[in-house]
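What follows is a short report on a single structure.
Numbers restart at 1 for each chain; the letters A, B, ... are given by sequence-line order, proteins then strands.
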Amino acid sequence: MSRSPADSWYVNGPTQERIYLVVRQIPPGKVSTYGDIAAIVGDCTARMVGYAMAAARGDLPWHRVINAQGKISPRGDGGGEELQRARLEDEGIHFSDGKVDLKRVRWLGPSVEWKIANGFAPDPTWREK
DNA sequence: ATAATGACTGGGG
DNA sequence: ACCCCAGCCATTA
C-alpha cells in the first residue's frame, strides 16, 4: 500500500464522520479551529480533528480549519499549506503576520437547532484534557 | 505486544 | 517568548 494522505493510514475512526459533518457547515469566508470543531463534535479532541483533516478528501472544506493561534498549521511534509492559504484568501480572508483575525472571521458554530437535529449536544463540550 | 506518528491546545515552569 | 506535558485515535512496522 502506498502512503499518502488519501489513504487511510491516519484516519481516526467513526468520530471522523461527525467531524466532517461539522466542518461542512463552516460557511465560505469564515474559519474554525481544531479545538472549536472538537468541542462541537463532543467526545473528541483537537488532535483528532487534525488527523481527520489530514485524511480529508473530496468536497470537504478542510481549508477552513486552522489552529487556535489563527495560523495555518504546519504539516510534516509541508503539503497543502499554500493551497490552504490561497483558498482562504480567495474567500476574502485576510492574513496579517501569517495569521487571520479570529475575532472577525471565526465561525461561531452551527445553530442550536441544527445541532439538536443532527445529534450533537446543544452546548459545546471541551474534551481537550 | 510496543513504539512511532499524523493539520492540536491550554496550562505551568 | 520558550519548553514541557497530558490528553487521545487509528494504523503501520
| query | Would you say A:W107 and A:I37 make side-chain contact, with heavy atoms under 4.5 Å? | reply |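 Counting from C-beta outward, A:W107 and A:I37 do come under 4.5 Å.
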
| Mind checking whether A:V31 and A:I93 have side chains closer than 4.5 Å, heavy atoms only? | yes

Can you tell me how far [atom2] of [N] sits from [atom1] of [X], to the nearest Å?
{"X": "A:Y34", "N": "B:dT9", "atom1": "OH", "atom2": "C1'", "value": "12 Å"}
{"X": "A:Q69", "N": "B:dG11", "atom1": "CD", "atom2": "P", "value": "13 Å"}
{"X": "A:M48", "N": "C:dC8", "atom1": "CE", "atom2": "P", "value": "7 Å"}
{"X": "A:R106", "N": "B:dT9", "atom1": "CZ", "atom2": "C1'", "value": "11 Å"}
{"X": "A:I19", "N": "C:dC9", "atom1": "CD1", "atom2": "P", "value": "11 Å"}
{"X": "A:Q16", "N": "C:dC8", "atom1": "CD", "atom2": "C1'", "value": "15 Å"}
{"X": "A:D43", "N": "C:dA10", "atom1": "CG", "atom2": "P", "value": "10 Å"}
{"X": "A:D36", "N": "B:dG10", "atom1": "CG", "atom2": "C1'", "value": "13 Å"}

| Between A:R64 and A:Q25, does any side-chain donor sit less than 3.5 Å from a side-chain acceptor? | no

| task | Pick out which of A:Q16, A:R18, A:E17 makes a side chain to side chain donor-acceptor pair (under 3.5 Å) with A:Y20. | result |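 By the side chain to side chain donor-acceptor pair (under 3.5 Å) criterion, A:Y20 pairs with just one of A:Q16, A:R18, A:E17: A:Q16.
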
| note | Considering only heavy side-chain atoms of A:T45, the closest of C:dC9, C:dC8, B:dT9 is C:dC8

| query | Among C:dC8, B:dT9, B:dG6, which is the nearest nucleotide to the side chain of A:T33? | reply |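 Nucleotide nearest to A:T33's side chain: B:dT9.
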
